[in-house]
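Below: the structure, in structure tokens.
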Amino acid sequence: MSTPIAKFEEGRLMAVLVAPIVSEKATMVGEKSNAVTFKVLQDATKPEIKAAVELMFKVQVKGVSVVNTKGKTKRFGKSIGRRDNVRKAYVTLQPGQELNLSGEAA
């Protein structure tokens, strides 16, 4: 497990995962295929995301799928603005592995 982490800087890996995504869709995917959804940096690669999850949560990752979502154009009063583009990572864990995002100490 130390080999994939050794390829990347630890500081970079700590910054790759921006936030967990907690939504109905993310919960359904998690229950169906033992996957966890994260918002990640725009330039994050699949190997980086895998190494970051393994480093931070001490679990084995089976695979990583990535989705780029364009930001919507929204109006704020008279002016028109844009939401940021979002890169989501669906991280599938090995069978038997579990990731606790509720923040409770184990």
Side-chain angles (χ1 to χ4, degrees):
M1 195 172 104
S2 60
T3 49
I5 295 170
K7 286 192 275 186
F8 306 106
E9 294 179 27
E10 197 168 321
R12 165 76 177 166
L13 292 181
M14 291 300 195
V16 165
L17 302 178
V18 177
I21 296 175
V22 182
S23 64
E24 282 187 48
K25 182 179 179 182
T27 306
M28 282 184 355
V29 169
E31 289 171 356
K32 195 173 177 182
S33 62
N34 196 23
V36 187
T37 310
F38 289 101
K39 183 177 177 183
V40 295
L41 295 177
Q42 281 297 123
D43 60 344
T45 62
K46 288 182 182 184
E48 271 183 334
I49 295 166
K50 179 179 178 177
V53 171
E54 288 180 347
L55 173 73
M56 293 173 86
F57 299 103
K58 308 288 188 257
V59 292
Q60 273 85 40
V61 174
K62 185 177 179 183
V64 178
S65 298
V66 177
V67 177
N68 289 316
T69 309
K70 277 191 173 179
K72 292 182 178 179
T73 304
K74 291 287 184 181
R75 284 189 51 191
F76 303 101
K78 290 181 182 177
S79 60
I80 294 177
R82 239 177 132 253
R83 289 186 183 165
D84 287 338
N85 296 334
V86 178
R87 186 171 171 94
K88 286 190 240 178
Y90 292 95
V91 180
T92 309
L93 304 176
Q94 294 279 9
Q97 296 285 310
E98 196 175 290
L99 204 143
N100 186 9
L101 291 173
S102 61
E104 300 166 8

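- D84 contributes atom CG, which lies 8.5 Å from atom CZ of R82 (distance to the nearest 0.5 angstrom).
- Transitive grouping of hydrophobic side chains (ILVMFWY, heavy atoms separated by less than 4.5 Å) keeps V86 and V66 in distinct clusters.
- The NZ atom of K50 sits 13.0 Å away from atom CG of L13, with the distance rounded to the nearest 0.5 Å.
- Annotation: side chain of F38 is in contact with side chain of V91 (closest heavy-atom distance under 4.5 Å).
- R12 is linked by a salt bridge (Lys or Arg N to Asp or Glu O under 4.0 Å) to D43, E48, counting only residues two or more places apart in sequence or in another chain.
- N85 has its side chain out of reach of T69: every pair of non-hydrogen atoms, C-beta onward, lies at least 4.5 Å apart.
- Between K74 and I80, every side-chain heavy-atom pair lies at or beyond the 4.5 Å cut-off.
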Residues 27-36 side chain polar contacts: donor-acceptor under 3.5 Å, at least two apart:
residue: T27; atom: OG1; partner: S23; partner atom: O; Å: 2.7
residue: S33; atom: OG; partner: V29; partner atom: O; Å: 3.0
residue: N34; atom: ND2; partner: Q94; partner atom: O; Å: 3.3
residue: N34; atom: ND2; partner: Q97; partner atom: O; Å: 3.4

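- With a 6.0 Å radius and a threshold of 12 heavy atoms from other residues, nucleotides or ligands, E24 has its CD atom at or below the threshold.
- L93 and F57 fall within a single hydrophobic cluster, where Ile, Leu, Val, Met, Phe, Trp and Tyr side chains are chained together by heavy-atom contacts under 4.5 Å.
- Using a 4.5 Å heavy-atom cutoff, the side chains of L41 and R87 are not in contact.
- Contact annotation: the side chain of V61 never approaches that of T92 to less than 4.5 Å [non-hydrogen atoms, C-beta and beyond].
- Residues T37 and K88 approach most closely at CG2-CD, 4.3 Å, considering heavy atoms.
- Of all heavy-atom pairs between A51 and F8, the closest is CB-CD1, 3.8 Å.
- A distance of 10.0 Å separates CE of M56 from CD of E10, quoted to the nearest 0.5 Å.
- The structure places OH of Y90 at 6.5 Å from CD1 of I21, a figure rounded to the nearest 0.5 Å.
- Of all heavy-atom pairs spanning R75 and K78, the tightest one is NH2-CA, 4.4 Å.
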